[in-house]
Amino acid sequence: MEYDSGSSYERYLTMKNAQPKLPGVDGVEVRHTLCDICTPGVHCGVDVYVKNGELLKLEGTPGFPPNRGALCPKGASGRQYVLRPDRIQTPMRRVGARGSGEFEPIGWDEALALAAAGLNAAKARSGAESTVFLSGYGKWYRPFLQRLAYDFGSPNFLTESSSCWWSAIMASRCVFGHATMPDLQNAAALFIWGSDPFNKNIHQTTALFAMKARGGKIVVVDPRRGPASEQLADLYLRPRLGTDAALAAAMANHIIESGFADFDFIEKYVHGFAPYREYVSRFSLAEGERITGVPAALIREAAELFARTKPAAIMTGTGLTHRKNGFNASRALMSLAAVCGQFDRPGTLRPTLGAATFCNTPGGFTSREAEFTADVQPKTAKPAVGLPDYPLFAEMMHEGQAISLAEQIESGAPYPIRAALLAGVNHKMYPDSPRFLRALRSLDFIVATDLFWTESCRSADIVLPACSSFERAEVKCYANKFMYYTQPVIPPLYESRPDAEIFAGLARALGLDDPLLCAGYDACVRWMLFEPSGLADWEAFRRADRPVPAPNARGYEWGTALARGVATPTGKIELFSETIAAYRRPELDPLPVYADSFDAADAAEFDLTLCAGARNPGMLHSRLHACPWPR
């Protein structure tokens, strides 16, 4: 998401590159990098104080957009994170029962050879598709893991995004043909829906306070009270958990029937308004209150504020997507914006045209990342895990559906799963996590990479130690047209290696015919980014120690998507999705329908609902649970 204009980076690049020292300590260097605890997207600049290769302390980099020298509790705890006592220090081989945690250290050459032998044995027994390549929370290495899977001959590249943000991206594409982002700099009104930037993206708050200072209105929609509702909200709506689609439908119905919709915009740019209008007509203000618990008067006030304030935008979060109706809840919000014409105009939802430049981040130019994986995709492989049950996901996201993995392991249908390469996988990120772990432990062979010991690692046959972002080189692309090639600020701790280099080593050990992947990280990112970006000197880019402009990057020109026709089957914004209708499956409704996230019997029996996925300002999943400061 673009939180800052490119001019902020330009101002940062003109600042004096000060090198502060620790008082009374000689030989201290200050090295620049990024905090990568949260990922993907915008990252915060960090100054790392180092002496003799030892990380002494961290500070935010002064002037660096978007954090401008500030760090959130997670970033401020970065030293404790890197030095967690449960770091995996050396390659390990299991010697006890699976899950017992009994391992012995081995060397890298032996570990890679054993890993390759185990994966190739599964391939020889049941075909390449019997091995899955599963990514956990990390995003930076995913193109390399996906290419490794395809080189191996397996279609089964899967990620935790199966139950996370992909559904919101899919929703936006079904409605607008593109992923979208809110234009915070120009919005006169903003709905923060199912998200709290104070707990998730602290650097967003600068733009939000600036918006309020210039008279902008902010509405917060969240079942949980939090800093955003307390410090930013001019209006706060607190719906019952999981009823967001009904709330959006009630708002849309009131807007349409009161004549506040942008009917000229609808006539020119929108498809499926008639069936959508008929559907939302079932959600009167009174019905919206009954379902959501939000008073009808507040629903009316919010609806009129969004429709009558021009321009207005919606900022969403994973609070919407972590439930069974998350996809349609996101579509409901996108449809609400469409009805009001709040799209592709300054201050509204801005489309991100084209594919993401690199690792899910649009950098203003089209890279060769898609070719990097597609060029080696197996052409005759069986369907990836979950795709018969999730065809829309298959079409849009080009990966297997991890939600179905445990079931396929247990059933062996439509084909058996024998082995897995787990990259940063914590089984608790997946639905029915005890079942997921049991299924993993039933496999013939598991290789796991991670920084820290998890139950997934304790269940593996071979464990490979990965290093943190402070210990590796990494390229980042930003929506404001800049690129940054960070370099290690400390040597890799213990015997750890970057994930991408681990995958290159595995490719060599597996005997795969892929000179590019086997050449390692720098060769791959150069192939994907150097020529498309327009950079004149790749080595100078590596040495820059700061973000540099990407010459071929271009900013977005408002109105481009509407003028060209959006990337949907009709070329229009689709309230009735023809993409979905083409599947003719009862569980896929072309309209953004509301479905209760809870079983009716449970809802009647229990007075309280557990909301377990909300963000905490000092935590991200379990990554910082072992760090004293955030605890």
Using salt bridge (Lys or Arg N to Asp or Glu O under 4.0 Å) as the criterion, list what pairs up with [X], not counting sequence neighbours.
{"X": "E399", "answer": "none"}
{"X": "D375", "answer": "none"}
{"X": "R224", "answer": "none"}
{"X": "D444", "answer": "R125"}

Inset, instruction - Go through the steps for T357 and T366 under the test side chain to side chain contact (heavy atoms under 4.5 Å, CB included), then give the verdict. - result: CA-CA 5 Å; T357 300; T366 301; over 6 Å; no
Out of curiosity, [X] [atom1] to [Y] [atom2], how far, rounded to the nearest 0.5 Å?
{"X": "I37", "Y": "S77", "atom1": "CD1", "atom2": "OG", "value": "7.0 Å"}
{"X": "Y484", "Y": "Y478", "atom1": "OH", "atom2": "OH", "value": "8.0 Å"}
{"X": "L529", "Y": "E369", "atom1": "CG", "atom2": "CD", "value": "8.0 Å"}
{"X": "L422", "Y": "H427", "atom1": "CG", "atom2": "NE2", "value": "12.0 Å"}
{"X": "L620", "Y": "Y81", "atom1": "CG", "atom2": "OH", "value": "8.0 Å"}

Report yes or no: does [X] contribute a side-chain atom to a donor-acceptor pair with the main-chain N or O of [Y] at less than 3.5 Å?
{"X": "T454", "Y": "C457", "answer": "yes"}
{"X": "N426", "Y": "M429", "answer": "no"}
{"X": "K74", "Y": "C35", "answer": "no"}
{"X": "S496", "Y": "P492", "answer": "no"}
{"X": "S126", "Y": "A122", "answer": "no"}
{"X": "R472", "Y": "C467", "answer": "yes"}
{"X": "S172", "Y": "I169", "answer": "no"}
{"X": "S195", "Y": "G317", "answer": "no"}
{"X": "N67", "Y": "G45", "answer": "yes"}
{"X": "T33", "Y": "T486", "answer": "no"}

Inset, instruction - Before accepting this row, confirm whether a basic side-chain N of the pair D47/R31 lies closer than 4.0 Å to the acidic partner's carboxylate O. - result: no
Show the nearest heavy-atom pair for residues [X] and [Y], with the distance to one decimal.
{"X": "P91", "Y": "P465", "value": "N-CD, 3.6 Å"}
{"X": "L119", "Y": "F152", "value": "O-CZ, 3.4 Å"}
{"X": "V385", "Y": "N156", "value": "N-OD1, 2.7 Å"}
{"X": "L387", "Y": "A394", "value": "CD2-CB, 3.5 Å"}
{"X": "S163", "Y": "I403", "value": "CB-CD1, 4.0 Å"}
{"X": "V46", "Y": "L34", "value": "CG2-C, 4.1 Å"}

Side-chain heavy atoms of [X] within contact of [Y], under 4.5 Å:
{"X": "L134", "Y": "Y430", "result": "yes"}
{"X": "Y390", "Y": "S404", "result": "yes"}
{"X": "L55", "Y": "F470", "result": "yes"}
{"X": "T321", "Y": "S330", "result": "yes"}
{"X": "L421", "Y": "T131", "result": "no"}
{"X": "I446", "Y": "R98", "result": "yes"}
{"X": "L145", "Y": "P143", "result": "no"}

Inset, instruction - Give a yes or no on this: more than 12 heavy atoms of other residues, nucleotides or ligands lie within 6.0 Å of atom CZ of R631. - result: no
Legend entry - Whether over 12 other heavy atoms sit under 6.0 Å from E371 CD: yes
Inset, instruction - Any chance you could lay out the side-chain hydrogen bond (donor to acceptor under 3.5 Å, both in side chains) test for Q401 and S162, step after step, and finish with the verdict? - result: CA-CA 6 Å; Q401 177 45 268; S162 290; 3.1 Å; yes
Inset, instruction - Report the relative orientation of the aromatic rings in F358 and F144; use parallel for angles under 30°, tilted for 30 to 60°, perpendicular for over 60°. - result: perpendicular
Inset, instruction - Could you point out which residue of K476, E474, H43 forms a side chain to side chain contact (heavy atoms under 4.5 Å, CB included) with S469? - result: E474
Legend entry - R542 and E539: CA distance, side-chain angles, deciding distance, salt bridge (charged side-chain N to carboxylate O under 4.0 Å, His left out) verdict: CA-CA 5 Å; R542 290 183 65 185; E539 291 305 315; 3.7 Å; yes
Inset, instruction - Return yes if a side-chain donor-acceptor contact under 3.5 Å exists between E129 and S154, otherwise no. - result: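 Not at all, the side chains of E129 and S154 share no donor-acceptor pair under 3.5 Å.
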Inset, instruction - Would you please say whether a donor-acceptor pair under 3.5 Å links the side chains of D545 and Y485? - result: no
Legend entry - D450 and V463: CA distance, side-chain angles, deciding distance, side chain to side chain contact (heavy atoms under 4.5 Å, CB included) verdict: CA-CA 8 Å; D450 213 322; V463 178; over 6 Å; no
Legend entry - Results of side-chain hydrogen bond (donor to acceptor under 3.5 Å, both in side chains) for E455 - residues two or more places apart only: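 With neighbours one apart ignored, the set is R441, R458.
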Inset, instruction - Start with the C-alpha gap between T316 and W165, add the side-chain angles, then the distance that decides, and say whether side chain to side chain contact (heavy atoms under 4.5 Å, CB included) holds. - result: CA-CA 10 Å; T316 64; W165 189 240; 3.4 Å; yes
Inset, instruction - Name all residues meeting the side chain to side chain contact (heavy atoms under 4.5 Å, CB included) criterion together with D499; count only those two or more places apart in sequence or in a different chain, and write none if there are none. - result: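 Counting only residues at least two positions away or on another chain, D499 forms a side chain to side chain contact (heavy atoms under 4.5 Å, CB included) with W140, Y141, T449, A466, F503.
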Inset, instruction - Could you list the residues that satisfy side chain to side chain contact (heavy atoms under 4.5 Å, CB included) with R142, not counting sequence neighbours? - result: S135, K139, F157, T159, E160, S161
Can you tell me which residue pairs pass the salt bridge (charged side-chain N to carboxylate O under 4.0 Å, His left out) test with a partner in [range], sequence neighbours excluded?
{"range": "residues 406-435", "answer": "E410-R435"}
{"range": "residues 87-96", "answer": "R87-E471, R93-E104, R93-E110, R94-D461"}
{"range": "residues 75-86", "answer": "R84-D86"}

Inset, instruction - Could you tell me whether K57 sits above the aromatic face of Y49, with NZ or CZ closer than 6.0 angstrom to the six-membered ring centre and within 45 degrees of the axis? - result: yes
Legend entry - Set of residues satisfying ring pair (Phe, Tyr, Trp, His ring centres under 6.0 Å) with respect to F530, sequence neighbours excluded: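 F530 satisfies ring pair (Phe, Tyr, Trp, His ring centres under 6.0 Å) with W538 only.
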Legend entry - W453: partners by ring pair (Phe, Tyr, Trp, His ring centres under 6.0 Å), with sequence neighbours left out: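 Residues passing ring pair (Phe, Tyr, Trp, His ring centres under 6.0 Å) with W453: F103.
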